[in-house]
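I have placed the structure first, in the form of structure tokens, so that the comments after it can refer back to it.
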Amino acid sequence: MLTNPMTSKRPVNLGINQGKLATCPATHNCVCSQAGDKAHYVAPFSAPGMTGQEIIARLASALHACEEAEVITQTDTYLHAECHSAWLGFVDDLEFFWSEEDNVCHVRSASRLGMSDLGKNRSRVEKLRTLLEGWGFCD
């Protein structure tokens with residue numbers, strides 16, 4: 001994968017902090033199921049009958065099959081992947097966090113650079129939601 005040197009530096013705010021994924025910036029290049037505003041909010045993933053470990057494993061499989069993605073960190077409750085755009089080498093950070101307390105898998109997808117992602121992060125999340133629910137295929 002080609003990586004743009006301008007976007008290859010991993011943000012330091014990734015991961016879980018007090019049961020939360022990082023807050024989206026004010027720009028329009030991030031979505032998160034824990035966002036407090038409509039512009040950045042995307043619904044968390046639910047999969048009745050599946051454990052957090054099963055959801056994370058299934059999402060990792062979908063990423064390997066369908067995205068220009070590299071899984072960086074994977075545990076039973078958390079997954080971080082870097083999604084690469086093939087033509088310019090931009091990198092987006094995609095995170096999933098199984099919250100036992102909320103009984104959902106929270107998600108955050110954010111571009112490392114730019115003011116707008118033209119809907120790419122929201123589209124990625126919804127495509128993965130479809131795959132998780134078992135109704136879709138990779139495009």
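Note that this is a predicted model, so its numbers are computed, not measured. Atom set for the values below is all heavy atoms of this structure, side chains included, hydrogens, waters and symmetry mates excluded.
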Self-check item: Residue pair F97, E95: steps toward the side chain to side chain contact (heavy atoms under 4.5 Å, CB included) verdict
Solution: CA-CA 7 Å; F97 162 56; E95 296 177 280; over 6 Å; no
Practice problem: Mind running side chain to side chain contact (heavy atoms under 4.5 Å, CB included) on T75 and I56 for me, showing each step along the way? | Solution: CA-CA 8 Å; T75 69; I56 295 292; over 6 Å; no
Self-check item: Verdict with reasoning, D92 to R124, per salt bridge (charged side-chain N to carboxylate O under 4.0 Å, His left out)
Solution: CA-CA 10 Å; D92 296 342; R124 175 185 296 118; 3.1 Å; yes
Exercise. For V71 and Q74, run side chain to side chain contact (heavy atoms under 4.5 Å, CB included): C-alpha distance rounded to whole Å, both residues' side-chain angles, the deciding distance at 0.1 Å, then the answer.
Key: CA-CA 7 Å; V71 173; Q74 182 178 348; 4.0 Å; yes
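D117 places a side-chain N or O within 3.5 Å of a backbone atom of G119 that can act as its donor or acceptor partner. In this structure, R10 contributes its side chain and E82 its backbone to no donor-acceptor pair below 3.5 Å.
With rounding to the nearest 0.5 angstrom, the CD atom of E68 is 15.0 Å from the CZ atom of F90. Summarising the geometry, atom CD belonging to E54 is positioned 10.5 Å from atom CG belonging to D76; distances are rounded to the nearest 0.5 Å. With values rounded to the nearest 0.5 angstrom, T73 atom OG1 is found 6.0 Å from Y78 atom OH. Taken to the nearest 0.5 Å, the NE2 atom of H80 stands 9.5 Å off from the CD atom of E70. Remark: M115 CE to H28 NE2 distance equals 7.5 Å, nearest 0.5 Å. The CG atom of L94 sits 7.0 Å away from atom CG of L79, with the distance rounded to the nearest 0.5 Å.
Counting all heavy atoms, side chain and backbone alike, R122 lies closest to K38 at NH2-O, 4.1 Å. Across V107 and A43, no two heavy atoms sit closer than the pair CG1-O, 4.1 Å. Heavy atoms only, all atoms of each residue included: A110 and N121 are closest at N-OD1, 3.6 Å. Closest heavy-atom contact between S46 and P48: C-CD, 3.8 Å. Taking every heavy atom of both residues into account, H40 and P25 meet most closely at NE2-O, 3.1 Å. Residues V42 and E126 approach most closely at CG2-OE2, 3.1 Å, considering heavy atoms.
Looking at N29 and S116, their side chains never bring a donor and an acceptor atom within 3.5 Å of each other. If you check the side chains of S33 and H106, you find a donor sitting under 3.5 Å from an acceptor. Residues D93 and S109 bring no donor and acceptor atom of their side chains to less than 3.5 Å of each other.
A perpendicular orientation is assigned to the rings of F45 and F96, their planes being inclined by more than 60° (bins at 30° and 60°).
Proximity of R112 to P11: side-chain heavy atoms (C-beta onward) are separated by under 4.5 Å at one or more points. Counting only heavy atoms from C-beta outward, the side chains of R58 and L131 never approach each other to under 4.5 Å. With a 4.5 Å cut-off on side-chain heavy atoms, I16 and L21 count as touching. Within the 4.5 Å cutoff, the side chain of V31 has no heavy atoms near those of the R108 side chain.
Note: the hydrophobic cluster containing L14 does not contain L113 (ILVMFWY, side chain heavy atoms under 4.5 Å, direct or indirect links).
The disulfide (SG to SG under 2.5 Å) test applied to C30 returns C24, not counting sequence neighbours. Residues satisfying the side-chain hydrogen bond (donor to acceptor under 3.5 Å, both in side chains) criterion with N103, sequence neighbours excluded, are absent altogether. Scored by the side-chain hydrogen bond (donor to acceptor under 3.5 Å, both in side chains) test, T77 finds no partners at all (sequence neighbours excluded).
The 12-atom threshold is not exceeded at CD of Q53, counting heavy atoms of other residues, nucleotides or ligands nearer than 6.0 Å.
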